Each structure stands twice: as C-alpha cells, then as structure tokens.
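One structure is given below, encoded as structure tokens.
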Amino acid sequence: MPKITLDGKTLEVPAGTTVLEAAQAAGVYIPRYCYHPALSVSGNCRMCLVEVEKSPKLLTACSTQCAEGMVVSTASDKVKAARRDVLEFLLINHPLDCPICDQAGECGLQDYYMEYSRAQSRFSQEDKVLRQKRRALGPHLMLDNERCILCTRCVRFCSEVTKTAELEVMERADHSFIDLKAGKSLDNDYSLNIADLCPVGAWTSRDFRFKARVWFLKKAPTVCLGCATGCLAEAHHNEGEVFRLMPRPNAETNTWLCDRGRMTYKALRAGDRLTKGFIKNGLIDLEPALREAATRIDEAKGAAAVLGSPWLSVEDNAALALLAAAMKTEHFCFDFKFETGIKDGILINKDPSPNAAGAALVKAGKGGLGMEEFRARLNSGAIKLVVAEARAAALLKEELKASGARLIAFATNRADIPAGAYATLPYASYFEVPGTFINYQGLKRAVEPAVAAPEGVKPLWEVLNKLAAYSGASLRLDSAADAMKGMA
Ligand code: SF4
Ligand code: SF4
Ligand code: FES
C-alpha cells in the first residue's frame with residue numbers, strides 16, 4: 001500500500017493504483033480525454049499531465065502508478081500551463097462547429113476550454129487541416145473526422161469490449177484519422193456506446209442528432225426492459241417526450257447499453273401506439289371496450305383464465321392475481337421459465353423478458369398453476385377465455401389458436417397483439433408509470449415515470465380495477481403499490 005502526497009494531502013492507496021485513480025478516490029478531478037475506466041490505458045491525449053517531484057517532465061496521471069513517497073501536484077502553474085498548451089494543440093485543427101454540433105453542452109473540448117484555457121487561438125481558420133465530414137457509418141452512427149481528437153476510445157471499445165475491431169487509426173501524424181477497416185461495417189450490438197464514449201462530437205447518434213439540445217433535457221432514472229439483464233438506464237426527456245436512453249453505469253450489471261435496448265423508448269411515440277381499445281379489428285373507446293371484455297369474461301364463468309406476464313412489473317402481476325381472485329377462477333398462472341445468463345459475454349441475456357423472476361415472486365405469494373398445466377388445460381378445452389398481457393399471450397399462440405379460446409389482451413402497441421385476439425385494452429408504458437422488476441441476478445430494479453401517458457391511457461392496475469368493476473367486483477386498488485398488500 002504505497003503512501004503518496006497529492007496536493008499536500010497524504011493518501012494510502014492499493015498497489016497498482018494510478019495517480020488519476022488515486023486523485024479521483026480523494027475527490028480531486030484530473031481532466032482526461034483518452035482515459036476511460038472500462039478501457040485499457042492508452043495515454044495519448046496528454047490532458048491528464050501532473051507534476052511529480054523529482055521527475056524532470058510532467059507525467060500522464062492515467063498511466064503513472066503511485067509509488068511510495070511520490071509527491072504529486074495536480075494544480076501547479078506548470079500543470080495549468082501544460083493543460084492550456086494541450087488544449088491549444090487539440091483545438092488547432094478543430095472546426096468551428098459548436099453551434100451546429102450535437103455534442104454541444106456535453107463536449108469535453110468546450111468544457112475543458114472554459115475551465116482550463118480560455119486562450120485566443122493563434123491559428124487562422126484558413127490554416128486548419130480539413131477532414132471528411134458527416135459520414136453515416138453503420139445503422140446508428142455518424143462520424144465527423146474533423147472533430148476527432150484521436151483519443152482512440154472508439155477504437156479500443158471495438159477491440160476490447162465488443163471484440164469486433166471494426167475501427168482503426170489510419171495514416172500517421174497530422175494525417176491520422178479514424179476509419180473502418182476494409183470489409184468491416186459498424187453494426188455490432190453495442191455500437192451506440194461509441195457516441196457516448198467519444199469525448200467530442202466526432203461520433204454522434206443518428207437517432208438523436210438534431211432532435212434536442214442536451215441542456216434542455218431532464219433525466220429520469222429507469223431500467224431497460226429489453227431483456228432479463230435489466231440494465232440501469234436514464235431516460236432523457238423534455239416536454240413529455242423521451243429523446244434517448246443513456247446508461248447508468250453500476251458495478252452490479254452494466255457500464256453500457258445494447259443498441260436494441262437503447263431503442264426500446266421508440267415504442268412510446270410509435271405510430272402503432274394504442275390509445276383506445278381494440279375489439280376484433282376495430283378501435284373503440286376504452287369504456288365500451290372494457291364493458292365488452294367484462295361481458296365475455298362473465299360469459300366464460302369458470303372457464304375464464306388469467307395469465308401473468310414476465311413483461312409486466314411485480315405490482316401489475318399482483319393486480320392480475322387479484323383479478324383472478326375476483327373472477328373466482330382456478331385457472332391462473334405466473335410461471336415463466338426461460339434459460340437465463342449473458343449470451344454474448346457482454347450484456348444481452350438469453351431470457352428476452354425483464355421480469356420472469358418478478359412473476360415467480362407473485363406465484364410464490366398467490367399460488368397458481370405451472371405453465372405446463374395451464375397449457376394442458378387450454379388444450380383440453382377447460383379454458384375458454386384467457387386474460388393476458390399481449391407478449392405473454394404470444395407465448396401460448398399455438399394453444400390459443402388450436403383451442404379457439406378467446407383472448408382478452410393488454411398491450412401498449414399494436415405490433416404486440418397476437419393474431420386472433422378478441423379484445424385488446426391499452427395500458428401505460430413503464431416510461432409513464434412506476435413499477436418494480438427483478439433481473440436475472442435477483443436484483444430489484446425500480447422504474448420511475450419519465451413522461452405522462454397519452455390522454456386516456458391508464459396504468460394497467462387501473463385498467464384491471466375497471467375491468468373487475470364492470471363484472472360487479474372490486475379489486476380495491478388506488479395505486480400500483482396497493483396490489484402488493486398482503487404479499488411478502
Ligand atoms: S472519434 Fe471520438 S472517440 Fe474516436 S478517436 Fe476521435 S475523439 Fe476519440
Ligand atoms: S442487455 Fe438487455 S437490459 Fe441491457 S440494454 Fe440490452 S436489452 Fe436492455
Ligand atoms: S487521459 Fe491521460 S493521457 Fe489521455
């Protein structure tokens with residue numbers, strides 16, 4: 001455990017700790033471009049230079065390990081002058097793009113210039129080296145080589161994280177630029193992380209470009225519900241619209257997000273978003289749709305069934321269990337078993353649903369049939385009507401078709417509705433209402449609403465409340481949390 005002195009403070013750090021890490025742990029921020037905690041150290045940008053006693057030159061804090069007795073200064077005049085010089089060097093050929101650059105507001109060049117430089121450029125605009133601008137590389141990204149500071153974070157991400165190695169630094173010295181290797185395309189499952197990693201506006205997201213200025217965006221903590229990994233994320237939104245999902249790095253689950261997970265927010269404003277009920281093939285208002293669904297449930301009496309869903313929150317599954325009790329049916333099931341585990345060695349889970357573990361929790365509290373028994377009852381004709389969330393119902397597509405049982409489904413988007421559904425009732429997405437999910441590691445994931453649901457679209461527990469009321473029963477729910485009463 002070497003002891004060092006950093007800006008006059010004595011610190012004891014584990015062997016192998018770099019000066020940048022030691023400073024960070026002590027609350028001292030050292031500026032950096034090429035350093036990223038999840039990538040190898042390349043030490044090329046020189047932004048993290050610090051003064052170390054007895055060293056003839058300034059040293060890069062990201063690649064210098066702490067040694068016993070080291071005396072480090074992170075804010076001496078020499079260090080401040082070096083930062084100004086590094087910034088002047090990096091900005092020599094940088095285009096005057098800030099007013100039209102999507103990175104403005106979260107750009108490492110802008111921020112550090114304001115904090116550490118504010119010097120006038122000694123180079124005229126005419127002398128700048130020009131580079132290729134705005135190239136779409138891959139389905140999600142745009143590259144502007146002129147804005148690049150050659151920190152190589154993007155290159156290292158593709159070689160070290162996705163191991164797809166699509167990118168390379170081409171040419172030498174001031175001819176250098178980032179490009180695709182011959183024959184490669186930038187379409188790995190995690191490509192959008194490159195836009196986050198790039199400290200400047202060289203890589204930008206084609207989805208987010210020119211949609212919103214970052215200083216207008218508000219941030220709501222959320223969870224990606226794209227699979228059982230349950231990556232922690234942040235929904236960036238403004239005036240009722242979500243503009244992007246960004247990772248919320250954490251030690252337990254994720255530093256990154258996969259591209260498919262990042263795009264899950266698009267369903268919110270998709271053209272097929274359901275805001276009304278759907279009976280057979282026609283749209284009708286929610287209340288008559290609920291009345292019609294309740295009439296069919298009453299008609300089926302003891303042959304009506306309720307299926308939980310691994311795509312719904314724990315609370316909404318518990319509300320479905322209350323509906324089953326109100327319907328006085330013994331045909332209900334919260335038993336979903338998928339193979340789990342990270343299938344690509346990074347994040348994407350074998351289980352495509354976000355809450356099989358949460359549904360199992362409801363099964364433990366409320367009982368119900370195993371999935372095999374539920375399927376058998378459908379096949380035998382003992383079940384004549386199923387009330388279910390659309391994606392869970394799609395798991396029993398064959399059985400529903402063969403048995404001719406009626407399906408009363410709940411869906412946020414038309415694309416999820418299984419063919420042949422008798423009625424579909426809309427409900428609010430988990431970007432619009434709170435909920436609890438349990439990921440494949442058994443970790444509790446709470447989502448907070450980022451935006452309001454479209455007019456007339458209710459949380460699922462409220463839809464179930466009304467459905468029960470049309471059948472003359474009451475679930476006594478005033479909130480999602482009420483459904484959890486009486487459950488451990
Ligand atoms: S494109 Fe961005 S991440 Fe890649 S080397 Fe240039 S500045 Fe770094
Ligand atoms: S790995 Fe799963 S939870 Fe994580 S971002 Fe991708 S889809 Fe979402
Ligand atoms: S952050 Fe240390 S050299 Fe780039």
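Just so you know, ligand 1 is whichever comes first in the structure, and atom 1 is the first atom listed for that ligand. Worth knowing before you read on, the calculation uses all heavy atoms, side chains too, and leaves out hydrogens, waters and symmetry mates. In this chain, residues are counted from 1 in sequence order. Note that this is a predicted model, so its numbers are computed, not measured.
Heavy-atom contacts of Cys62 reach the following atoms of ligand 3: 1 (S), 2 (Fe), 3 (S) (cutoff under 4.0 Å). Here is the list of ligand 2 atoms found below 4.0 Å of a heavy atom in Gly230: 3 (S). In summary, the atoms of ligand 3 found under 4.0 Å from a heavy atom of Asn44, numbered by their order in the structure, are 3 (S). Heavy-atom proximity to Tyr35, at under 4.0 Å, picks out these atoms of ligand 3: 1 (S). Close contacts of ligand 2 with Leu347, meaning ligand atoms under 4.0 Å from a residue heavy atom, involve 1 (S). Atoms of ligand 3 lying under 4.0 Å from any heavy atom of Cys48, numbered from 1 in the order shown and given with element: 1 (S), 2 (Fe), 3 (S). With ligand atoms numbered from 1 in the order given, ligand 3 contributes 1 (S) to contacts under 4.0 Å with heavy atoms of Arg32.
For the salt bridge (Lys or Arg N to Asp or Glu O under 4.0 Å) condition, the pairs that include at least one residue of residues 163-190, sequence neighbours left out, are Arg135-Asp179.
Of the options Cys45, Cys151, Ser42, Pro31, the smallest heavy-atom separation from atom 4 (Fe) of ligand 3 is shown by Cys45. When the heavy atoms of Cys231, Cys258, Gly261 are ranked by distance to atom 4 (Fe) of ligand 2, first place goes to Cys231.
Using modelled atom types and a 3.5 Å distance limit, the side chains of Lys218 and Asn238 yield a donor-acceptor pair. A donor atom on one side chain and an acceptor atom on the other are not found under 3.5 Å apart for Arg84 and Ser117. Between the side chains of Ser124 and Asp127, at least one donor N or O lies within less than 3.5 Å of an accepting N or O. Using a 3.5 Å distance cut-off with no hydrogens or angles, the side chains of His236 and Arg244 do pair a donor with an acceptor. In the model, Ser73 has no side-chain atom that pairs as donor or acceptor with a side-chain atom of Glu51 under 3.5 Å.
Among all protein heavy atoms, the one lying closest to atom 8 (Fe) of ligand 2 is Cys224 SG, 2.2 Å. The closest protein non-hydrogen atom to atom 3 (S) of ligand 3 is Arg46 N, 3.3 Å. Residue, atom and distance of the protein heavy atom nearest to atom 2 (Fe) of ligand 2 are Cys227 SG, 2.2 Å.
One finds no salt bridge joining Asp207 and Arg262 here, because no Lys/Arg side-chain nitrogen approaches an Asp/Glu carboxylate oxygen to under 4.0 Å. With salt bridges taken as basic N to acidic carboxylate O contacts below 4.0 Å, none links Arg269 and Glu241. Under 4.0 Å is where a charged nitrogen must lie from a carboxylate oxygen, and between Lys133 and Asp144 at least one such pair does. Contact check on Arg391 versus Glu389 returns a salt bridge, with a Lys/Arg side-chain nitrogen under 4.0 Å from an Asp/Glu carboxylate oxygen.
Ligand 2 is never approached by Asn254 to a heavy-atom distance shorter than 4.0 Å. Using a non-hydrogen distance threshold of 4.0 Å, Ile348 registers as a contact of ligand 2.
Between His36 and Trp256, the ring planes are parallel. Angles under 30° get that label, and only those over 60° would be called perpendicular.
For Lys3, the NZ atom is loosely surrounded, since the number of other residues' heavy atoms within 6.0 Å does not exceed 12. Annotation: Glu252, atom CD; neighbour count of heavy atoms from other residues, nucleotides and ligands within 6.0 Å is above 12.
Around atom 8 (Fe) of ligand 1, the protein atoms of type N, O or S that sit closer than 2.8 Å are Cys151 SG.
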